[in-house]
Amino acid sequence: MKLKDKVAIVTGAARGIGRSIAIKLASEGANIVIADYDISEAQSVIDEICKFGVKAIQVKANVADLESVDNLIKLTLDEFGKIDILINNAGITRDGLILKMSEQDWDAVIDVNLKGTFNCIKAVTKVLLKQKTGGRIVNMASVMGIIGNAGQANYSASKAGVIGLTKTTAKELGSRGINVNAIAPGFIQTAMTDELSDSIKEKILDQISLKKLGAPDDVAKAALFLCSEESEYITGQVINVDGGMVM
């Protein structure tokens with residue numbers, strides 16, 4: 001098993017892409033901390049994870065709040081005694097054109113997507129440096145942070161920031177054996193894309209070389225790779241999981 005006895009924190013893990021990542025890592029032997037602001041669906045993820053013979057706990061956490069993140073780290077250490085992997089997946093959207101976007105919607109997305117990633121990296125790094133055993137940090141970016149998207153100024157800016165944060169952190173922590181990378185998903189089949197009209201879906205598919213939406217498991221497979229020894233010599237990189245949408 002690629003991650004036997006590793007301990008992984010996955011933020012935003014109660015549903016969607018985060019859920020798939022948590023289950024994928026667990027299938028390879030990792031113990032999982034499911035961190036989410038809304039943990040109403042977390043128990044179903046734990047039930048899936050425990051089928052692999054590993055341990056999992058749920059922690060209600062607001063990544064935009066450093067005190068909440070510090071509590072997440074404390075509870076993880078109390079339960080498992082160490083941390084090996086951090087998956088910064090928690091994120092939100094508050095779409096709208098710039099001229100109509102409120103300051104509150106701008107701040108909310110930046111706080112969760114960018115500041116939240118910073119908070120978790122900062123808190124976990126303290127533990128990883130003390131442990132002196134290396135580690136893996138995987139940040140969830142987006143192709144929208146590379147190419148932008150009308151109506152998503154806040155989201156695109158936050159994900160572009162995550163990419164810059166990933167590269168800088170990789171440079172700062174590389175000498176300590178800590179690999180830091182990002183995944184930039186394209187259009188992934190989730191509850192959000194399920195709500196799109198057929199005409200919008202057709203326009204999206206026209207932009208994708210493989211002519212299909214991705215699945216959450218496609219992103220989870222990339223996350224597993226970046227957390228495993230197979231990616232030992234990879235850091236500071238952004239892996240697009242987008243079906244060839246951005247080249």
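Atom set for the values below is all heavy atoms of this structure, side chains included, hydrogens, waters and symmetry mates excluded.
Grouping the Ile, Leu, Val, Met, Phe, Trp and Tyr side chains by contacts below 4.5 angstrom, directly or via other members, places Tyr37 apart from Leu66. In the hydrophobic clustering of this structure, Val241 does not group with Tyr155; members are Ile, Leu, Val, Met, Phe, Trp, Tyr whose side-chain heavy atoms approach within less than 4.5 Å, directly or through other members. No continuous path of ILVMFWY side-chain contacts below 4.5 Å connects Val54 to Leu75, so the two sit in separate hydrophobic clusters. The hydrophobic clustering, which links ILVMFWY residues whose side-chain heavy atoms are closer than 4.5 Å, places Val162 and Ile234 apart. Follow the hydrophobic side-chain contacts under 4.5 Å out from Ile23 and you reach Leu226 in the same cluster.
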In sequence, state the C-alpha distance, the side-chain angles, and the governing distance for Asn71 and Glu67, and then conclude on side-chain hydrogen bond (donor to acceptor under 3.5 Å, both in side chains). CA-CA 6 Å; Asn71 182 61; Glu67 184 176 348; over 6 Å; no
For the pair Ile178 and Ile137, evaluate side-chain contact (heavy atoms from CB on, under 4.5 Å) and give the outcome as yes or no after the intermediate values. CA-CA 7 Å; Ile178 301 170; Ile137 298 174; 4.2 Å; yes
Does Ile146 form a side-chain contact (heavy atoms from CB on, under 4.5 Å) with Asn240? I'd like the steps, not just the answer. CA-CA 10 Å; Ile146 300 172; Asn240 291 4; 3.6 Å; yes
From CA spacing to verdict: side-chain contact (heavy atoms from CB on, under 4.5 Å), Phe118, Leu165: CA-CA 8 Å; Phe118 163 78; Leu165 177 59; 4.1 Å; yes
Criterion side-chain hydrogen bond (donor to acceptor under 3.5 Å, both in side chains) on Arg94 and Ser102, from CA distance to verdict: CA-CA 9 Å; Arg94 296 287 188 274; Ser102 68; over 6 Å; no
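Gln152 and Asp95 are linked by a side-chain donor-acceptor pair at a separation below 3.5 angstrom, with hydrogens and angles left out of the test. Looking at Asn139 and Thr117, their side chains never bring a donor and an acceptor atom within 3.5 Å of each other. Arg15 and Thr190 share no side-chain donor-acceptor pair at under 3.5 Å. For Thr235 and Asn179, the side-chain atoms include no donor-acceptor pair closer than 3.5 Å.
Atom CZ of Phe225 sits in a crowded spot, with more than 12 heavy atoms from other residues, nucleotides or ligands closer than 6.0 Å. The number of heavy atoms from other shown groups lying within 6.0 Å of NZ (Lys55) does not exceed 12. The 12-atom threshold is not exceeded at NZ of Lys132, counting heavy atoms of other residues, nucleotides or ligands nearer than 6.0 Å. More than 12 heavy-atom neighbours from other residues, nucleotides or ligands sit within 6.0 angstrom of CD on Glu79. Lys203 NZ: 12 or fewer foreign heavy atoms inside a 6.0 Å radius. With a 6.0 Å radius and a threshold of 12 heavy atoms from other residues, nucleotides or ligands, Asp198 has its CG atom at or below the threshold. For Ile98, the CD1 atom counts as loosely surrounded, since its 6.0 Å shell holds 12 or fewer non-hydrogen atoms of other residues, nucleotides or ligands.
Here the closest heavy-atom approach between residue Met101 and residue Gly96 is recorded as CE-O, 3.1 Å. Of all the heavy atoms in Ser68 and Ala61, the pair that sits closest is OG-CA, 3.4 Å. When every heavy atom of Gly161 is checked against every heavy atom of Leu114, the shortest pair comes out as C-CD1, 3.5 Å. Shortest non-hydrogen contact noted between Pro185 and Ala141 is CD-O, 3.4 Å. Nearest heavy-atom pair across Phe187 and Ile204 is CD1-CG2, 3.4 Å. Smallest separation of non-hydrogen atoms from Thr166 and Gln237: CG2-O, 4.4 Å.
At distances below 3.5 Å, not a single donor-acceptor pair connects side-chain atoms of Asp111 with backbone N or O atoms of Lys115. Side-chain atoms of Ser231 come within 3.5 Å of backbone atoms of Ser228 as a donor-acceptor pair (strictly under, hydrogens ignored). A donor-acceptor pair under 3.5 Å is absent between the side-chain atoms of Ser156 and the main chain of Gly145, judged by distance alone. Remark: the backbone N or O of Ile46 is not paired with any side-chain donor or acceptor of Gln58 at under 3.5 angstrom. No side-chain donor-acceptor contact under 3.5 Å links Asn154 to the backbone of Val109. Looking at Thr11, its side chain does come within 3.5 Å of a backbone N or O of Ala90 through a donor-acceptor pair. Side-chain N or O atoms of Arg136 include none that pairs as donor or acceptor with a backbone N or O of Leu86 at under 3.5 Å.
Ion pairing between a basic and an acidic side chain is recognised when a charged N comes within 4.0 Å of a carboxylate O; Asp78 and Lys74 show such pairing. Salt-bridge annotation for Asp217 and Lys24: present, with a side-chain N of the basic residue lying under 4.0 Å from a carboxylate O of the acidic one. Taking the charged nitrogens against the carboxylate oxygens, Glu230 and Lys2 do have a contact shorter than 4.0 Å, which makes a salt bridge. Using a 4.0 Å cut-off between charged nitrogen and carboxylate oxygen, Asp38 and Lys60 do not count as a salt-bridge pair.
Atom CG of Leu205 sits about 12.0 Å away from atom CD1 of Ile200, to the nearest 0.5 Å. The distance from atom OG1 of Thr93 to atom NZ of Lys159, rounded to the nearest 0.5 Å, is 10.0 Å. Arg19 CZ to Asp36 CG: the interatomic distance, rounded to the nearest 0.5 Å, is 11.5 Å. A distance of 12.0 Å separates CD1 of Ile17 from CD1 of Ile87, quoted to the nearest 0.5 Å. One finds the NZ atom of Lys6 at 7.0 Å from the OG1 atom of Thr133 (value rounded to the nearest 0.5 Å). Remark: Thr125 OG1 to Leu129 CG distance equals 6.0 Å, nearest 0.5 Å.
Annotation: side chain of Leu77 is in contact with side chain of Val127 (closest heavy-atom distance under 4.5 Å). The side-chain heavy atoms of Val63 and Asn119, taken from C-beta on, include no pair separated by under 4.5 Å. Between Ile49 and Ile34, some side-chain heavy-atom pair lies under the 4.5 Å cut-off. Side-chain contact between Val138 and Ile183 is present, with heavy atoms from C-beta onward closer than 4.5 Å. Taking 4.5 Å as the limit, some side-chain heavy atom of Val219 sits within range of a side-chain heavy atom of Met140. In this structure, the side chains of Ile83 and Ile73 come closer than 4.5 Å at one or more pairs of heavy atoms. A heavy-atom distance below 4.5 Å is found between the side chains of Ile208 and Leu213. Considering only heavy atoms from C-beta on, Val7 stays 4.5 Å or farther from Ile85 through its side chain.
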